[in-house]
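Counting begins at 1 with the first residue of the sequence.
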Amino acid sequence: MSDLPRKAVTRTVKLAALPIGIAGRVTWGLGKRIGGKSAEIVARELQQRTAEQLFRTLGELKGGAMKFGQALSVFESALPEEVAGPYRAALTKLQEAAPPLPAATVHQVLADRLGARWRDLFEEFEDKPAAAASIGQVHRAVWHDGRQVAVKVQYPGAGEALLSDLKQLGRFAGLLGPLVPGMEIKPLIKELRDRVSEELDYELEAEAQRTHADAFADDPDVVVPDVVHQGDQVLVTEWMDGTPLSEVIADGSEEERDRAGQLLARFLFSGPARTGLLHADPHPGNFRLIPGPDGRMRLGVLDFGTVDRLPGGWPKPIGRSLRMTLDGDAEGVYGHLCAEGFVRESVELDPDAVLDYLKPIIEPAEAEEFTFTRPWLRGQAARIADPRSPAHQLGRQINLPPSYLLIHRVTLSTIGVLCQLGATVRLRDELDTWLPGFASAE
């Protein structure tokens with residue numbers, strides 16, 4: 001591949017091959033069954049082949065297709081193990097790496113955006129990318145003043161590809177359903193389409209990163225690299241070493257996983273209070289564990305391309321509703337949800353049933369400390385997804401106001417990462433400190 005595939009026809013054919021490939025493998029599997037292989041072995045082989053095709057196609061296309069894959073990789077904790085297992089490794093790859101652009105293409109982008117003498121800005125520049133994301137890849141370099149830096153280069157045609165991918169994926173949402181049984185694909189794609197186009201604007205990203213770097217300067221727990229230089233389609237920031245959270249998930253000690261989980265929760269809830277912004281892309285590839293000067297691990301945070309603007313910090317109604325639920329105030333929480341638009345005026349629900357629906361979900365906020373696990377999250381997902389359950393019937397009648405869409409997705413994504421970590425977290429401590437209205441429902 002010499003460049004980011006940009007022609008709509010080419011990209012559409014590649015995306016269409018995903019569900020077509022699944023259908024072909026089902027036929028292949030039936031032949032294997034007839035030939036004597038057990039259903040379990042055939043199913044495992046089918047899932048593994050599908051995972052390999054998913055990574056290869058989404059990774060090569062980058063753009064919105066890869067962003068979709070990254071979103072799925074966060075939510076895999078909610079899937080049944082027999083479905084999630086074969087996909088986990090392939091999807092996780094999307095958080096750290098993808099097939100890179102050739103050096104000649106990268107050099108051309110740098111020449112176009114930084115000038116023909118762009119090499120004068122660097123003492124060293126590594127052609128081999130250190131990481132690849134959905135719309136750009138990162139190269140390690142040394143800035144002309146000697147600082148170790150990360151150079152983020154946007155893929156040529158990324159904007160066109162991003163919008164085209166998500167449009168096409170929306171058309172295929174029904175066919176993509178078998179990739180992640182039990183998950184509603186279409187709303188996820190729509191929400192991604194509405195939001196991720198902001199990532200194309202490196203000026204906005206630089207502004208958000210500078211705001212976080214200033215707010216967390218000298219923080220004992222969170223590290224945000226500063227912006228060194230920003231241009232159209234090129235962003236240079238300080239380099240940050242550390243262990244990617246994906247490696248902590250795979251091989252980290254219990255102490256490392258618990259520490260990462262606690263700091264991730266702390267960053268999630270303290271960020272809006274300290275910056276007026278919510279980091280809205282919480283997949284493991286955007287976080288690092290870094291040894292601190294006192295020997296304790298700190299959380300390094302990357303990629304501020306997608307943020308939600310919360311100038312007053314977390315909305316107080318979230319904290320108040322959560323506190324009322326913990327207190328068992330059915331009438332109070334129901335009235336609050338109605339006032340905030342979570343229950344439409346045309347809908348009337350039983351307050352006690354609403355409380356019963358919410359209580360299991362907010363279990364982590366009730367305990368002094370809570371261990372997030374994949375089985376716990378799968379249990380919650382199954383309870384809500386089962387059409388026969390009261391929770392499913394009630395959940396279909398609850399509305400999510402547009403202003404809460406991104407907050408909802410970020411919170412769920414963070415919980416997904418905590419469950420991937422299997423971290424024991426004192427979540428209530430973070431809520432008491434950072435969530436307005438939680439410590440008191442007044």
Side-chain angles (χ1 to χ4, degrees), residues 74-75 77-78 221 254 257-273 278 282 313-340 342-343 349-386 389-395 397-398 400 404 407-442:
V74 169
F75 289 112
S77 295
D221 297 318
E254 181 178 347
R257 289 185 284 108
D258 289 348
R259 178 66 173 164
Q262 190 71 48
L263 296 184
L264 186 61
R266 184 166 302 162
F267 177 70
L268 170 68
F269 288 104
S270 69
L278 174 65
W314 280 87
K316 191 172 183 179
I318 294 177
R320 295 189 64 187
S321 297
L322 186 53
R323 170 52 58 190
M324 290 176 181
T325 303
L326 290 176
D327 291 343
D329 183 359
E331 294 290 342
V333 72
Y334 180 65
H336 206 57
L337 292 176
C338 290
E340 290 298 315
F342 287 90
V343 181
L349 302 174
D350 177 7
D352 289 322
V354 172
L355 188 66
D356 290 341
Y357 172 83
L358 294 174
K359 286 284 278 187
I361 302 173
I362 55 105
E363 184 183 0
E366 189 169 18
E368 185 173 334
E369 63 178 26
F370 184 83
T371 300
F372 290 85
T373 66
R374 286 185 169 99
W376 174 79
L377 188 57
R378 285 197 294 267
Q380 295 299 321
R383 181 178 70 94
I384 295 172
D386 185 353
S389 74
H392 176 82
Q393 299 300 326
L394 190 143
Q397 300 179 78
I398 291 180
L400 187 61
Y404 284 92
I407 291 174
H408 180 69
R409 184 171 74 81
V410 170
T411 304
L412 287 183
S413 298
T414 303
I415 290 173
V417 176
L418 293 175
C419 290
Q420 289 177 330
L421 284 164
T424 298
V425 176
R426 299 177 66 89
L427 183 64
R428 198 171 66 196
D429 288 352
E430 308 301 336
L431 298 177
D432 277 331
T433 304
W434 301 108
L435 188 60
F438 179 77
S440 170
E442 295 300 322

(request) Using a 4.5 Å cut-off on heavy atoms from C-beta on, say whether the side chain of Val425 contacts that of Phe370. (result) no

(message) Check this for me: Glu254, atom CD, are more than 12 non-hydrogen atoms of other residues, nucleotides or ligands nearer than 6.0 Å?
(response) no

(message) With a 4.5 Å cut-off on side-chain heavy atoms, are Leu337 and Ser321 touching?
(response) yes

(request) Would you please name every residue forming a ring-ring contact (aromatic ring centres under 6.0 Å, His included) with Tyr334, sequence neighbours left out? (result) none

(request) Please tell me if the side chains of Leu377 and Phe372 come closer than 4.5 Å, counting only heavy atoms from C-beta onward. (result) no

(message) In the structure I gave you, are the side-chain heavy atoms of Phe342 and Pro317 within less than 4.5 Å of one another anywhere?
(response) no

(request) Check ring-ring contact (aromatic ring centres under 6.0 Å, His included) between Tyr357 and all other residues, then give those that pass, not counting sequence neighbours. (result) none

(message) Are the side chains of Pro364 and Trp376 in contact, using a 4.5 Å heavy-atom criterion?
(response) yes

(request) Check for a donor-acceptor pair, side chain of Ser389 on one end and backbone N or O of Arg383 on the other, with a separation under 3.5 Å. (result) yes

(message) Between Glu366 and Arg428 (salt bridge meaning N to carboxylate O under 4.0 Å), is one present in this structure?
(response) no

(message) Quick test of your reading of the model: are Asp221 and Arg259 salt-bridged, counting only N-O distances below 4.0 Å?
(response) yes

(message) Under the rule for ring-ring contact (aromatic ring centres under 6.0 Å, His included), what residues qualify as partners of Trp314, not counting sequence neighbours?
(response) Phe269

